[in-house]
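Quick note on labels: first sequence line is chain A, next is B, and so on, each numbered from 1.
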Amino acid sequence: MENEIKSLLLDNAKALFGEIIDEKLIQFQKTRKDVEGDLTLVIFPFVKMLKCSPSEAGEKIGVFLQSKLDFIKSHNVVSGFLNFTISDEYWLTQLSKMNKDSRHGYAPENSKSTLMVEYSSPNTNKPLHLGHLRNNFLGYSVAEILKANGHKVVKTQIVNDRGIHICKSMLAWERFSPLNSKGERESPENTVLKGDKLVGKYYVEFDKQLNKEANEIIASWETGEFDGFADYVVDEFNRLDSSKSAKNEKSIDGINTKIKDLAKNETGLLRDAKEMLVKWEGRDPQVYLLWTTMNSWVYKGFESTYKAMGVDFDQLYFESDTYVVGKDLIADGLKKGIFFKKEDKSVWIDLSDEGLDAKLVLRSDGTAVYMTQDLGTAFDRYRDFPDLNGIIYTVGNEQDYHFKILFLILKKLGFTWAENCYHLSYGMVDLPTGRMKSREGTVVDADDLMADVVAQAKEMTQERGHIEELSTEDKNALYELIGMGGLKYYLMKVDPKKSMMFNPEDSIELNGNTGPFIQYTHARIKSLLNKAGSIEEYLNVSLREEESEIIKHLTHFPALISEAGKAHSPALIANYTYDLVKLYNHFYQSVYILKEENEDLKNMRLILSKNVAKVIASAMSLLGIKVPEKM
RNA sequence: GGGCUCGUAGCUCAGCUGGAUAGAGCACCUCCCUUCUAAGGAGGCGGUCUCAGGUUCGAAUCCUGACGGGCUCACCA
């Protein structure tokens with residue numbers, strides 16, 4: 001519709017305006033609610049070349065277009081805006097087209113390039129929390145949206161399974177786990193803890209013990225006891241300690257932190273952890289066995305969490321594999337002069353011509369840093385999928401700088417595909433009490449939250465009592481569908497780029513702009529359609545405004561999917577669906593559908609309802625949200 | 001301190017490639033179930049779009065500055 005008007009104006013620009021016009025001058029917008037019409041053209045851009053008032057210009061263009069296009073029933077001009085009213089026939093044709101198209105809104109499958117979407121990418125020491133939920137839901141949804149746009153999509157993640165932090169939890173478990181009557185240490189089999197929770201517990205335990213030991217060291221230093229410590233450590237302590245005098249409270253805190261770090265470095269515990277890392281890199285059999293055992297616990301625990309989330313992956317990557325690839329890349333780039341080596345043998349890249357500092361890519365002891373493995377991972381992925389046309393990294397915005405540099409280095413290494421890498425940078429999820437902090441115990445656990453939300457859905461659904469006839473199994477499935485739908489919608493209706501507030505108190509809300517509200521409308525339509533049985537053809541109907549508004553909105557669905565894909569934004573899908581549901585509910589309460597006596601009208605309204613349900617289901621599936629037949 | 005980013009109703013958020021009188025939900029107040037699912041609908045209350053300049057026919061939207069919040073600038077990940 002817009003396109004037809006646009007090309008007509010472009011083709012006849014000479015006759016209408018006396019000159020060729022730029023396509024950008026043709027601006028459409030939604031017609032205001034209080035003005036008659038379905039589509040509005042902004043007239044201001046044409047006023048100058050027509051040398052007349054906006055209303056005269058609008059009238060001239062309006063008359064011209066209406067004479068050429070039969071879908072324009074009438075037009076009016078209000079203060080510089082040309083409003084068209086579109087004929088019922090046009091809308092009815094649109095409705096019947098989409099009714100025949102089971103994939104309304106979707107581009108043909110695999111009609112576009114292959115993309116990879118990375119999301120989740122957990123640290124194996126930390127059970128998944130609320131922040132990961134936003135990440136997983138977003139990543140999964142963006143992947144689905146890109147598929148709907150015709151892309152072939154590979155869902156992936158990079159598992160953060162190596163490094164000193166992993167050794168910390170291994171060491172803590174070996175050293176601090178109590179033994180049971182059979183002489184076994186704690187495991188998922190002999191405790192009630194999920195594997196990821198168990199490992200996470202020992203990661204925390206390591207930190208606790210480390211602090212304890214560091215405090216003991218500081219206490220001895222403070223009494224002047226320095227036996228067994230290197231001279232530079234003692235000097236550093238004395239320097240820091242004496243600099244405390246004559247300072248304000250804040251800088252004293254900073255100095256104390258430095259002293260703490262100094263002492264931590266001197267603990268036997270940390271030394272042993274580092275030793276373990278060296279052994280791990282040397283593939284020491286005993287350490288390797290411990291590593292694979294504890295990792296398998298974590299994966300099993302994560303698996304059940306992913307299942308509850310309803311997300312999946314096509315291909316996994318492990319840092320324990322890709323850091324080696326990264327090291328090779330760096331050795332190679334070093335030869336080519338892209339990187340440089342300092343005296344201490346650490347390897348860097350100079351980014352000063354980009355206005356940035358130099359960045360470390362390999363430690364002086366030759367071990368890998370975060371950047372090293374990310375370079376390797378990207379390279380690995382393009383090697384595995386030669387037709388890959390881009391990677392979308394779903395990672396929080398605290399890593400904006402990291403990704404800027406990662407893409408820059410890949411470019412400098414000569415990988416042309418680096419230009420197609422995109423950081424889907426999303427904002428933090430804050431609690432009413434502020435940011436989640438593990439040390440303060442304010443982290444909202446993913447498993448707990450999901451269980452909670454499903455339990456609340458159960459309670460609230462039972463209160464309504466709409467579904468007594470369902471089997472227990474179906475009821476449970478419904479509670480999960482509603483609870484998870486509410487949670488997912490809550491986390492995805494906000495623009496991904498923005499940080500958002502999560503209030504656990506009303507994490508599952510049923511009214512207003514929520515998942516269950518949308519699900520409810522779907523269920524209501526389904527119930528209507530079931531009662532109606534088969535739907536007959538209809539003829540000669542005229543539309544109410546409520547009806548043409550809905551068809552107009554449904555017609556926009558294909559463009560919406562395209563926009564959401566370009567913007568990598570599930571929020572656009574969520575808001576669109578909410579608007580659709582509001583339009584439908586308004587319609588539902590203003591007319592009879594099943595009880596309508598005019599058969600043609602009744603059938604048209606049923607077809608309309610059916611297509612609303614279809615689009616709701618499609619849109620929600622793009623968000624990873626299921627919709628019920630009954631609720 | 002440098003860089004990035006955000007600031008819209010009491011709260012949570014839309015709107016931002018410049019366009020008409022800035023929109024929703026929650027909360028609060030009225031109404032509507034002998035209508036097909038009231039997890040619904042209709043209405044009311046609520047705004048100096050942080051502030052100050054600028055660009056122009058027109059600015060919540062673009063530019064500059066100030067103020068306030070967040071992130072980041074590790075041989076951490």
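- Comparing A/H586 and A/K497 against RNA chain B, the residue whose closest nucleotide sits nearer the 5' end is A/K497.
- A/M500 comes within contact range of the sugar-phosphate backbone alone, with a heavy-atom separation under 4.0 Å but no base atom that close.
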Stepwise side-chain contact (heavy atoms from CB on, under 4.5 Å) check, A/L606 with A/Y538: CA-CA 10 Å; A/L606 285 168; A/Y538 53 87; over 6 Å; no

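- Applying the salt bridge (charged side-chain N to carboxylate O under 4.0 Å, His left out) criterion to A/E469, with sequence neighbours excluded, gives A/K630.
- With sequence neighbours left out, the side-chain hydrogen bond (donor to acceptor under 3.5 Å, both in side chains) criterion links A/E56 to A/S53.
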Summary of protein contacts for nucleotides 67-74 of chain B, nucleotide by nucleotide, where a base hit scores B, a sugar-phosphate-only hit scores S (4.0 Å, heavy atoms): ----SSS-

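- To the nearest angstrom, P of B/A42 lies 14 Å from OH of A/Y588.
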Annotated protein contacts, base or backbone, on nucleotides 18-26 of chain B with a non-hydrogen cut-off under 4.0 Å, one of B, S, - each: -BBB--SSS

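- Shown here are the ring pair (Phe, Tyr, Trp, His ring centres under 6.0 Å) partners of A/H129, two or more places apart in sequence or in another chain: A/H132.
- Of the listed nucleotides (B/U37, B/A42, B/A14), B/A14 has the atom at the smallest distance from the side chain of A/V494.
- Under the side chain to side chain donor-acceptor pair (under 3.5 Å) criterion, the residue pairs touching residues 316-327 of chain A are A/D161-A/S320, A/Y317-A/D384, A/E319-A/Q373, A/T322-A/T377, with sequence neighbours excluded.
- Sorted pairs that involve residues 571-582 of chain A and meet side chain to side chain donor-acceptor pair (under 3.5 Å), not counting sequence neighbours, are lacking altogether.
- In this view, A/E536 and A/S534, A/N603 satisfy the side chain to side chain contact (heavy atoms under 4.5 Å, CB included) rule, not counting sequence neighbours.
- Going from the C1' atom of B/G46 to that of B/G10 covers 9 Å, rounded to whole Å.
- Annotation: ring pair (Phe, Tyr, Trp, His ring centres under 6.0 Å) contacts of A/H423 (sequence neighbours excluded): A/F403.
- For A/H466, a side-chain nitrogen or oxygen approaches OP1 or OP2 of B/A39 to under 4.0 Å.
- With sequence neighbours excluded, the residues that form a side-chain hydrogen bond (donor to acceptor under 3.5 Å, both in side chains) with A/E59 are A/H75.
- Taking 90° from 0 as the syn/anti boundary, the base of B/C26 is oriented anti.
- The side chain to side chain contact (heavy atoms under 4.5 Å, CB included) test applied to A/K475 returns A/I467, A/E468, A/L470, A/Y479, not counting sequence neighbours.
- Within residues 602-612 of chain A, no residue has a heavy atom under 4.0 Å from RNA chain B.
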